[in-house]
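Data block below; observations after.
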Amino acid sequence: AELDNARTGRSGSLASPPTSSDFKQKIDVNPPKGTRDFPPEEMRLRSWLFQNFREVSQSFGFEEIDFPVLESEALFVRKAGEEIRDQLYCFEDRGNRRVALRPELTPSLARLVIQKGKSVSLPLKWFAIGQCWRYERMTRGRRREHYQWNMDIIGVPNVTAEAELISSIITFFKRIGITAVDVGFKVSSRKVLQEVLRRYSVPDNLFGRVCVTIDKLEKIPMDDIKKELRAAELSEQAVEELLQILTVKSLEELEEKLGSSVEVIADLKQLFSLAEKYGYSEWIQFDASIVRGLAYYTGIVFEGFDREGKLRAICGGGRYDRLLSTFGGEDVPACGFGFGDAVIVELLKERGLLPELSPQVQNIVCSLDQDLQGAASLVAARLRDKGQTVDLVLENKPLKWVFKRASRINAQRLIIVGSSEWEKGVVGVKMLSSGEQYEIKVDELE
Ligand SMILES: OCc1cccc(Br)n1
């Protein structure tokens with residue numbers, strides 16, 4: 001019975017821990033549903049992507065931060081009907097605490113900003129790359145985890161912050177060969193909806209929920225949208241005007257509808273003017289239907305889209321000036337974006353822009369007989385001390401095997417430690433691309 005317990009993983013005392021011979025049933029060697037392994041080839045692509053995320057963030061003067069993948073569930077229990085809430089990967093831990101695998105990074109950032117309080121001086125320009133989770137019924141076969149790149153500017157109330165963030169994403173796209181022909185940004189502001197709701201005296205506390213509902217346009221039937229809006233006590237007229245304003249085709253038309261005195265017109269005009277100064281006007285367009293699906297956005301919202309219309313949104317973000325107070329903190333103006341690691345790879349594949357990333361090592365070192373294994377280790381250590389990368393052959397292998405491995409790991413140089421050469425204080429060197437070969441004193445190796 002104990003052995004059975006061990007096999008099935010059920011708890012129960014065992015005289016000694018199970019050994020591999022106790023387990024007949026082969027474990028499932030695939031990762032859990034909806035998750036990915038990153039063996040070397042996949043990990044090279046991920047590292048390349050993240051390196052570009054990091055270098056762009058740093059070129060904009062942002063500092064890297066990180067937080068636990070596990071957070072208190074309380075950070076994410078917003079009551080606005082968001083999909084991200086419905087799919088929260090949450091559970092009770094062994095201390096009976098309600099915890100969750102983070103579905104996004106922004107609430108953790110807000111928590112850290114509140115925690116730091118007056119000990120940090122504004123503005124904060126922070127970025128993070130972190131794995132985020134959702135528990136989705138595998139019916140749709142979608143992934144349960146992805147990595148997100150976030151950049152956030154905390155403490156800047158005007159749209160210069162949003163303009164800077166959009167510029168950083170465009171800089172990233174350009175670095176990896178994506179142009180304004182491939183991708184664009186749809187830009188709007190939730191202040192449009194806020195203005196309409198204000199005119200119909202809809203209470204502020206319903207704002208997030210209404211936006212989340214509006215974001216479901218094109219995802220759920222119009223009747224369900226209207227039903228949700230009526231459930232939020234919107235009048236028929238308010239519902240009609242809300243849906244109507246989302247179809248506005250230009251800033252000029254929006255100005256006609258709302259009047260030029262409304263703040264949102266000034267915001268959007270300033271954003272487009274800044275875009276022109278940055279030189280990225282061709283990348284962005286006003287699109288009144290963009291609201292984004294997170295409840296906490298309060299102002300400008302934007303999303304990167306593939307112009308061929310085949311893929312889901314590449315990235316998205318916006319202003320969230322009221323998030324900190326929902327956690328009991330002092331509100332601070334804030335804006336940021338999230339950029340997932342999945343759609344961008346699909347886009348790169350579509351456009352034939354996936355980089356060729358092969359393993360690289362400068363040296364492979366081997367000894368011709370096992371008495372010289374120590375000598376080979378000494379040579380490897382010397383080279384490493386000089387900053388060289390070295391793959392040291394750790395067993396006594398025939399040269400044929402060494403050459404095959406050298407080719408597989410893309411080594412540039414083969415260093416051979418042979419007994420007669422070693423006695424003369426030299427080693428054999430073979431440049432693996434040119435074929436050139438020579439002997440050299442160990443101390444002169446570099
Ligand atoms: O974009 C929403 C989301 C959140 C967590 C994990 C995954 Br996959 N996707």
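Read the numbers this way: they start at 1 and go in the same order the structure lists the ligands and their atoms. Computed from a prediction, not measured in an experiment: that's the story for all the values here.
In the model, Q362 has no side-chain atom that pairs as donor or acceptor with a side-chain atom of Q412 under 3.5 Å. Side-chain atoms of Y297 and R319 form no donor-acceptor pair, as typed in the model, at a separation below 3.5 Å.
The nearest heavy-atom contact from the protein to atom 6 (C) of ligand 1 is C132 O, 3.4 Å. Among all protein heavy atoms, the one lying closest to atom 9 (N) of ligand 1 is R134 NH1, 3.4 Å. Considering only non-hydrogen protein atoms, atom 1 (O) of ligand 1 sits nearest to H146 CE1, 3.6 Å.
The distance between the ring centers of F305 and F185 does not fall below 6.0 angstrom.
Of the heavy atoms in E104, none comes closer than 4.0 Å to ligand 1.
In E330, the CD atom is not crowded: 12 or fewer heavy atoms of neighbouring residues, nucleotides or ligands sit closer than 6.0 Å.
Contact atoms of ligand 1 toward R143: 8 (Br) (distance under 4.0 Å to a heavy atom of the residue). Distances below 4.0 Å separate heavy atoms of P103 from the following atoms of ligand 1: 4 (C), 5 (C).
Put simply, the side chain of R54 never gets that close to the backbone of I129: no donor and acceptor are under 3.5 Å apart.
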